[in-house]
Amino acid sequence: MSDTPAPNSSPAAAGEAAQIIDRGYRSYDGPRTGLPGSIRSVVRYSVRHTLGLGRAARHKILPWLAVVIALVPAVVFVGLAVVLDIDMIEDEILPDYHEYYGFITTALFFYCAIIVPDILVADRRNGMLQLYLSTPLQRWSYLASKALAVAAALAVLTMGPVLFLLVARTIEGSGPDGLIEWIKIFVRIIAAGGAISAAFTMASLAAASLTDRRLFATIGVVVLLWGSSFTTLALVEAADMSAQVYAFDLGGIADELKNRIYGVEGLDPFGAPEAREEDAFQPGAGREQLSTRFVVAANFAWVALGSAVVWWRYRRLALSR
Amino acid sequence: MRPYDPRVTIVETQALTQRFGSTVALDALDLQMQPGVTGLVGANGAGKTTLLNAMLGLRIPTSGSLTVLGYDPQRAGHRLRANVGFAPERNVLPDEMRAVDFVRHLSEVQGLPRGEARNRASDTLWLVGLGEERLRTLGTMSTGQRQRVKLAQAIASDPKLVLLDEPTDGLDPVQRSEMLTLIGQISRDFSINVVLSSHQLEEVERVCDNIVALDAGRLVACGPISDLIGAGDGITLELVDVAEPAGSVDAVEAALQAGGIDVRRHEATLALRGAAFEELCDRSRDAVAAAGARIRRLETRRRTLEDLFEDAAR
């Protein structure tokens, strides 16, 4: 054996390396984060909750299924183009940015109907709402936190896949020409994703605020999304009412705003306007007659209406007797 | 309203009234709560939870004024609540969440920075005896453990005041005793003021420094518990209900009442008040002798919280 002591074997060295593990409960005089910290924490927790992070495996299935629905087509398109070594644009392997929203809308509807209601309903059912409101959070800041969380989760769906396409095209060499064009597309992706997320967030939260049962909230979201679409379509196409009735079609009017942001005239995300036949039935085709100002106002109205319903419901909500 | 002095007053109300339609949940309460552990006692429906909710700013009182730690809960609720921990009566624990994550999350919401919230969540769970259980999900915990988790989340952010709504609800006697010890320790060792809502009078007597007693929304008593209960208050006279002469206990009761003594009878035991100790003893002796009854027990009586409520009911 060597006589040389091993490094850090002296009591002094051991003392320097030692840490107090059990500090025990003690008073706290340090800084506090205040209301912004409270909101950040609820947003972070709620995003994790809706995505099933930190929860049992069964809670992860549905949210990640929605992500898969939104993202996998983009991955497949890019993968095919790379593996087969073909020109994405020339061979029309990849849909254009605005054309990809068909996949996103499916995932969005699914997410809003199945996942989003839980974010409000669970807090009311298990009493967490009362606990939250016994902290610096107020009703408005609690609701704002929840809305931010839902919007952030929906933004993953509305922006993530299209941003992936943008990056893939850029790497592949078929992306926008020059930095300015690239930034334009990037801003459009963010703006369109943000607008769609905002409208869907407030509409689905409004439905969730009206009931303490998840199933009823899901039915409410389904009626709101699909019902409004079918009803307005019937009113315009069959009853020959004004195209402005499409303002009541949440999915359609949000999609139309997306088209306006991308500067696309047509409404069918999978068909170019010039490809349409004059006599062919085009669901929602009348929306293109609406002015951009009207489309923007209609989307704002959906956000405002959803916010008003949620606030009306929570303003006087009795927490306990 | 007087300036807040934490050495004197934690909570102060003036004519605080809360109505729900035709029901009066709080009826013109005028009270002050001093530092330490305050027991908020009363039967179910007495208005305890309503008062706690008003103290948190979760309810707008119909009329009157209320200050907690010097704040008006309606005007400065968010600033007040940053200094107050709350453990509600309801089962509010999300089943799939781990205890340490739950406490950490609510500490962050209460205003602690993330790192500090993480450390204090563990420290607090160790304090309440759940150190080894902190990584378990809440849904797998017993009622007693879940009550401790609720207590932990209420104190983790080191508040100035903790409101505990029926913290011993659903606990067995051993767990209840441990919980009360813990509550006393929190106030004594960490200088956290506690308002403990309970309908169990004996547990309030055991752990509280002050009491606020409510009955159907009205204030029955308010002040240091040592001033309100515990002092000698008459005598307890337990008789043997002999067969001959029959009705001897009834005769003793009647004789004492006729002499102006306040008599409360439970079977053969009489609680006597309304005169000096010596006089009560003398009159009892005379009444027992006249009725031919026999005494099993005679002792000084200690005033209890029950007496407060019985006096209020009269």
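The side-chain heavy atoms of B:His105 and A:Ser41, taken from C-beta on, include a pair separated by under 4.5 Å. Contact check for B:Glu96 versus A:Arg58: no side-chain heavy atoms found under the 4.5 Å cut-off. You'll find the side chain of A:Ser134 stays beyond 4.5 Å of the side chain of B:Val84, heavy atoms only. Between B:Arg81 and A:Thr135, every side-chain heavy-atom pair lies at or beyond the 4.5 Å cut-off. In this structure, the side chains of B:Phe102 and A:Leu131 come closer than 4.5 Å at one or more pairs of heavy atoms. Using a 4.5 Å cut-off on side-chain heavy atoms (C-beta onward), B:Asn53 and A:Gln130 make contact.
A donor-acceptor pair under 3.5 Å is formed between the side chain of A:Arg32 and the backbone N or O of B:Ser157. Between the side chain of B:Asp158 and the main chain of A:Tyr28, a donor-acceptor pair closer than 3.5 Å is present. A donor-acceptor pair is defined here as one N or O able to donate and one able to accept, closer than 3.5 Å; such a pair exists between the side chain of A:Thr33 and the backbone of B:Gly111.
Here the closest non-hydrogen pair linking A:Arg139 and B:Leu58 is NH2-O, 3.7 Å. When all heavy atoms of A:Pro136 and B:His78 are compared, the closest pair comes out as O-CB, 3.2 Å.
Annotation: cation-pi geometry satisfied between B:Arg120 and A:Tyr25 (NZ/CZ under 6.0 angstrom from ring centroid, within 45° of ring axis).
Between B:Glu116 and A:Arg26, at least one side-chain N (NZ, or NE/NH1/NH2) sits under 4.0 Å from a carboxylate O, which counts as a salt bridge. Contact check on A:Arg44 versus B:Glu108 returns a salt bridge, with a Lys/Arg side-chain nitrogen under 4.0 Å from an Asp/Glu carboxylate oxygen.
Contact annotation for B:Ile192: only side-chain heavy atoms (C-beta onward) come within less than 4.5 Å of a heavy atom of chain A. In this structure, chain B has no heavy atom under 4.5 Å from any part of A:Leu35. Contact of B:Leu112 with chain A is made through backbone and side chain together, with heavy-atom distances under 4.5 Å. In this structure, no portion of B:Arg79 lies under 4.5 Å from any heavy atom of chain A.
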Assess the residue pair B:Leu93 and A:Asn126 against the criterion (side chain to side chain contact (heavy atoms under 4.5 Å, CB included)); give the C-alpha distance rounded to whole Å, side-chain angles, the decisive distance to 0.1 Å, and a yes or no. CA-CA 7 Å; B:Leu93 309 181; A:Asn126 65 18; over 6 Å; no

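A search for salt bridge (Lys or Arg N to Asp or Glu O under 4.0 Å) contacts involving A:Arg214 returns A:Asp118, not counting sequence neighbours. Residues forming a salt bridge (Lys or Arg N to Asp or Glu O under 4.0 Å) with B:Glu89 (at least two apart in sequence, or on another chain): none.
When the shell of 6.0 Å around CZ of A:Phe216 is examined, it contains 12 or fewer heavy atoms from other residues, nucleotides or ligands. The number of heavy-atom neighbours closer than 6.0 Å to CH2 of A:Trp311, taken from other residues, nucleotides and ligands shown, is above 12. The number of heavy atoms from other shown groups lying within 6.0 Å of CZ (B:Phe190) is above 12.
With respect to chain A, the highest number of heavy-atom pairs below 4.5 Å among B:Gln153, B:Lys150, B:Met97, B:Arg114 belongs to B:Arg114.
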